[in-house]
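Below, read A as the first sequence line, B as the second, and so on, with proteins coming before strands; counting in each chain starts at 1.
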Amino acid sequence: MDLTTLLADLGSPAPAGLVDRVLASTGPADSWVLVDGPAGPLMVAFSDHGISYVLAGADDAELSQQVRARLDRGVRRVQTPPAGLVPALRTGRTRQLRFDLRGRTPFEQEVLAAALRIPRGEVRSYAWVAAAIGRPGAVRAVGSALGRNPVPVVIPCHRVVRSDGQVGDYVWGSELKRTILTAEGLDVEEVERLGAAGVVYTGSDTTHIFCVPTCRDARRTTPAHTVRFRSAAAATAAGYRPCLHCEPIPTAA
DNA sequence: CTGACAGTAGGCC
DNA sequence: GGCCTACTGTCAG
């Protein structure tokens, strides 16, 4: 039984803020800071283990409610962000960030780690993520795992789109997904348009590449935008080359 | 145990 | 070309 239920069972609703004060004094509590995100303010909660929860906006009551529901912990506001967070949001370099993903399944942690490798201003497909973690058939499960990402934006699940170029769904709604991608410098409409036209490199043998349609290298090395390749070998034979920004993903042994 | 879900590819018309 | 379906991991009912 969680604390909220316990207090409710005492016969009267808990006064506003009581649960947080009790948790902060007797139970586990994370810190949280208000920072600027790519598309508005972000509330970022963190523990000794790392960043644990992210919510868009500045409604601290909403944040404490969600952290309580999903992490069973309280939160208290602090002024000092965890090391590396602000520069990471500014530059996109998340390498030195630490995350508190306790409670996530191993599968979910693998999916989130793969999403973390997608550079800012680029996108990859759900199939790319599935191949990257060695489970090419788990495309749908990848979507579900990303949908439960406790730290959106910081772990960029918004950079995972459908293989046909459509942006797909998002924890905070597909409109916000588009807004964030646009703020990161991606031409979302062009991704959709070229994706629909088949500008996707998909390898069934040794590589699996979703070429960012707006990537300059991809454009420069691609003589036409209307050809879909079933394999990297076929693309090479036709004089196409994969985008330099898109690292090949080895298929699972 | 079933069904639902941020998806995809292959088979069949 | 378009429709149908099996497939994956997790969770709610």
Side-chain angles (χ1 to χ4, degrees), chain A residues 1-2 4-5 38-39 53-56 66-72 101-118 122-182 184 186 188-189 191-213 225-235 246 248-249 251-253:
Chain A
M1 173 183 299
D2 67 283
T4 308
T5 313
Y53 202 78
V54 174
L55 184 62
Q66 291 196 18
V67 169
R68 202 181 308 130
R70 291 201 42 188
L71 304 182
D72 199 25
L101 299 178
R102 290 174 294 170
R104 301 291 94 202
T105 66
F107 176 83
E108 288 174 334
Q109 296 192 24
E110 282 189 78
V111 168
L112 295 176
L116 200 54
R117 288 166 35 199
I118 307 172
E122 299 185 16
V123 287
R124 299 289 186 277
S125 67
Y126 290 94
W128 183 94
V129 175
I133 63 174
R135 298 160 183 269
V139 180
R140 193 151 190 189
V142 164
S144 299
L146 291 173
R148 288 189 294 272
N149 176 15
V151 289
V153 179
V154 187
I155 291 182
C157 56
H158 58 278
R159 295 180 194 146
V160 184
V161 301
R162 293 170 42 146
S163 290
D164 62 2
Q166 296 294 116
V167 296
D169 222 328
Y170 188 51
V171 225
W172 298 336
S174 55
E175 277 312 303
L176 194 47
K177 187 174 185 174
R178 302 175 69 94
T179 302
I180 295 171
L181 286 171
T182 301
E184 292 185 338
L186 188 77
V188 175
E189 289 187 8
V191 169
E192 292 174 334
R193 188 169 57 77
L194 296 179
V199 188
V200 181
Y201 297 77
T202 56
S204 56
D205 45 10
T206 58
T207 58
H208 187 109
I209 305 168
F210 188 104
C211 229
V212 183
H225 294 156
T226 55
V227 182
R228 175 188 290 265
F229 296 103
R230 281 273 161 242
S231 72
C246 306
I249 297 300
T251 50

| said: Could you tell me the Watson-Crick or G-U partner of C:dG9, where both distances fall under 3.5 Å? Say none if there is no partner. | reply: B:dC5
Nucleotide of [options] approaching [X] most closely (side-chain heavy atoms):
| X | options | answer |
| --- | --- | --- |
| A:R135 | C:dG9, B:dA6, C:dT10 | C:dG9 |
| A:L146 | B:dT8, B:dA6, C:dG9 | B:dA6 |
| A:A127 | B:dT8, B:dA6, C:dG9 | B:dT8 |
| A:R148 | B:dA6, C:dC11, B:dG7 | C:dC11 |

| Judged by atom type as modelled, is there a donor-acceptor pair below 3.5 Å linking the side chain of A:R124 to the main-chain atoms of A:R117? | no
| said: Please check: side-chain N/O of A:Q109 versus main-chain N/O of A:R104, any donor-acceptor pairing under 3.5 Å? | reply: yes
| task | Taking the side chain as every heavy atom from C-beta outward, state whether A:L116 and A:P156 have any pair of such atoms under 4.5 Å apart. | result | yes
| query | Can you tell if the side chain of A:W128 reaches within under 4.5 Å of the side chain of A:V160, non-hydrogen atoms only? | reply | no
Send over the distance from [X] [atom1] to [N] [atom2], rounded to a whole Å.
| X | N | atom1 | atom2 | answer |
| --- | --- | --- | --- | --- |
| A:L176 | B:dA6 | CG | C1' | 14 Å |
| A:R178 | B:dA6 | CZ | C1' | 15 Å |
| A:R104 | C:dG9 | CZ | C1' | 13 Å |
| A:Q109 | C:dT10 | CD | P | 11 Å |
| A:R162 | B:dT8 | CZ | C1' | 9 Å |
| A:N149 | C:dC11 | CG | P | 15 Å |
| A:R70 | C:dA12 | CZ | P | 11 Å |

| query | Closer than 4.0 Å, any side-chain N/O of A:S144 to the OP1 or OP2 of C:dG9? | reply | no
| Within less than 4.0 Å of OP1 or OP2 of B:dA6, is there a side-chain N or O belonging to A:R140? | no
| said: On the side chain of A:Y126, is there an atom forming a donor-acceptor pair with the base of B:dA6 - under 3.5 Å, no angle test? | reply: yes
What's [X] touching, base or sugar-phosphate or nothing? Going by heavy atoms closer than 4.0 Å.
| X | result |
| --- | --- |
| A:A141 | base |
| A:S174 | nothing |
| A:V160 | nothing |
| A:G137 | sugar-phosphate |

| request: Provide the distance between the two C1' atoms, one in B:dA6 and one in C:dG2, to the nearest whole Å. | output: 24 Å
| request: For A:K177 and A:D169, work out which heavy atoms get closest and say how close. | output: NZ-O, 2.9 Å
